[in-house]
Amino acid sequence: MEFNSEVKKATNSIYKKISDIMPEIEWSTHAPYIYEINKLKKEKNAVILAHNYQTPEIYHGISDFSADSLALAVEAAKTKADIIVMCGVHFMAETAKLMSPDKKVLLPDMRAGCSLSSSITGEDVRNLKKRYPGVPVVSYVNTSADVKAETDVCCTSANAVKIVNSLSVNKVIFLPDDYLAKYVATQTDVEIISWKGTCEVHEQFNDQEINEIRKNNPGIKVIAHPECPPDVINASDFTGSTSGMIKYVKENQPEKVMMVTECSMSDNVQVDNPKVKFIKPCNLCPHMKRITLPKILDCLKNETNEILMSKETINKARKSVERMTEIGR
Ligand code: 13P
Ligand code: SF4
């Protein structure tokens, strides 16, 4: 693939937008893929949904819609496209399939997993339900369809507290993220029974690191994802989902900010907030980073890596996601 004058002309407006965060030499390797993918997605009536942790060339270059996991699920249900390419991880592609079972949903790399999702199985949930009979199960959307099939209602980091409170009960099983469960417990009177799952990216942060950054950057705003450990959340100025964090930056325009989350997000958000200085932590999600432009082009061209599930699983698991989207953000 060549970075020729046709590619350069067709992609120039995208490069102008991200040129502050990407050297031209790097752009010249991405642009031919961006050009091909954007052409092909029109020909095939495909939509590209991207999570906020995708790299800037995906987020700004080819995605039709980029967002947090709640908005991606809602968008997947609404789309008129024939094909959905999920630039994110496996549970996000499965959730898109649950919301749009008649669409072809493709994931550019089937190995893009998630440490939270792989921490629990459907059988684990059945055992928990036996242990706590009658207690409703709230599952984070970062779970497999098998777990969702055993779940009363899903949640994301954007609506976990609202979902727990909406059940009007005094106890819930909340899984699999132990840190998110601890955060929710600080925001509600409902008793939370949690699971020992953690996000391998967010669990690496600690409050010493934040205190050090504050010392070296007086006035900085520190905003954290609720998958972080409690000491990190306590040391932060704001806690929210990935889109909640983006909204915070957009509305508050802090002079300096540190987003305590996956590192591509700071690059993506910086593009749309040029006056804000970002102090960038660098914890990469190895699963999100499996998604690359060459893999996206290949899977769209050959329509490979399709998410397939039995009708029974789809029907059982979909209810818990639909219940969540009805309650909303
Ligand atoms: P959001 O729902 O906030 O986008 O988070 C998803 C995720 O995987 C964070 O690690
Ligand atoms: Fe899963 Fe953590 Fe990666 Fe999000 S950042 S996809 S929770 S491993």
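Indexing begins at 1, ligand by ligand and atom by atom, following the structure's order.
Of the charged side-chain nitrogens involved, at least one lies within less than 4.0 Å of a carboxylate oxygen, so that Lys215 and Glu212 count as a salt-bridged pair. One finds no salt bridge joining Glu36 and Lys41 here, because no Lys/Arg side-chain nitrogen approaches an Asp/Glu carboxylate oxygen to under 4.0 Å. With salt bridges taken as basic N to acidic carboxylate O contacts below 4.0 Å, one links Asp68 and Arg329. Ion pair Arg214/Asp237 flagged as a salt bridge, since at least one NZ, NE, NH1 or NH2 atom sits closer than 4.0 Å to an Asp/Glu carboxylate oxygen.
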Query - Criterion side-chain contact (heavy atoms from CB on, under 4.5 Å) on Glu303 and Ile83, from CA distance to verdict - result: CA-CA 9 Å; Glu303 299 185 21; Ile83 298 175; 3.6 Å; yes

Requested in this report: Kindly indicate, with the supporting measurements, whether the criterion salt bridge (charged side-chain N to carboxylate O under 4.0 Å, His left out) is fulfilled by Glu255 and Lys277.
Outcome: CA-CA 6 Å; Glu255 215 172 290; Lys277 181 156 173 33; over 6 Å; no

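Surrounding CD of Glu123 are at most 12 heavy atoms belonging to other residues, nucleotides or ligands under 6.0 Å away. Annotation: Glu43, atom CD; neighbour count of heavy atoms from other residues, nucleotides and ligands within 6.0 Å is above 12.
Taking a 4.0 Å cut-off on heavy atoms, Ser157 registers as neighbouring ligand 1. Ligand 1 has at least one atom lying under 4.0 Å from a heavy atom of His51. Contact analysis puts His202 in contact with ligand 1, with a non-hydrogen atom separation below 4.0 angstrom. In this structure, Asn52 falls outside the shell of residues with a heavy atom less than 4.0 angstrom from ligand 1.
Side-chain atoms of Lys162 and Asn165 form no donor-acceptor pair, as typed in the model, at a separation below 3.5 Å. Using modelled atom types, one finds no donor on one side chain facing an acceptor on the other under 3.5 Å when comparing Asp267 with Ser264.
Applying the 4.0 Å criterion to heavy atoms of His225 picks out, from ligand 1, the atoms 1 (P), 3 (O), 5 (O), 9 (C). Proximity to Asn142 (heavy-atom distance under 4.0 Å) selects the following atoms of ligand 2: 7 (S). Heavy-atom contacts of Tyr53 reach the following atoms of ligand 1: 9 (C), 10 (O) (cutoff under 4.0 Å). Atoms of ligand 2 lying under 4.0 Å from any heavy atom of Glu227, numbered from 1 in the order shown and given with element: 2 (Fe), 7 (S). In the vicinity of Ser241, heavy-atom distances shorter than 4.0 Å reach the ligand 1 atoms 3 (O). Near Glu227, meaning under 4.0 Å from any of its heavy atoms, are these atoms of ligand 1: 7 (C), 9 (C), 10 (O).
Counting heavy atoms closer than 4.0 Å to ligand 1, residue Asn142 contributes side-chain atoms (C-beta onward) but none from N, CA, C or O.
Of all protein heavy atoms, the one closest to atom 2 (O) of ligand 1 is Ser69 OG, 2.4 Å.
Any N or O atom pair closer than 3.5 Å counts here, and Asp68 shares no such pair with ligand 1. Remark: ligand 1 and Thr242 share an N or O pair separated by less than 3.5 Å (distance only, no angle test). Remark: ligand 1 and Thr156 share no N or O pair separated by less than 3.5 Å (distance only, no angle test).
Relative orientation of the His202 and Phe205 rings is tilted, given thresholds of 30° and 60° on the angle between their planes.
For atom 3 (Fe) of ligand 2, the count of nearby protein N/O/S atoms, taking only those under 2.8 Å, is 1.
For the pair Lys316/Glu150, a side-chain contact is recorded, criterion being any heavy-atom separation below 4.5 Å from C-beta on.
Heavy atoms only, all atoms of each residue included: Tyr59 and Ile246 are closest at OH-CD1, 4.1 Å.
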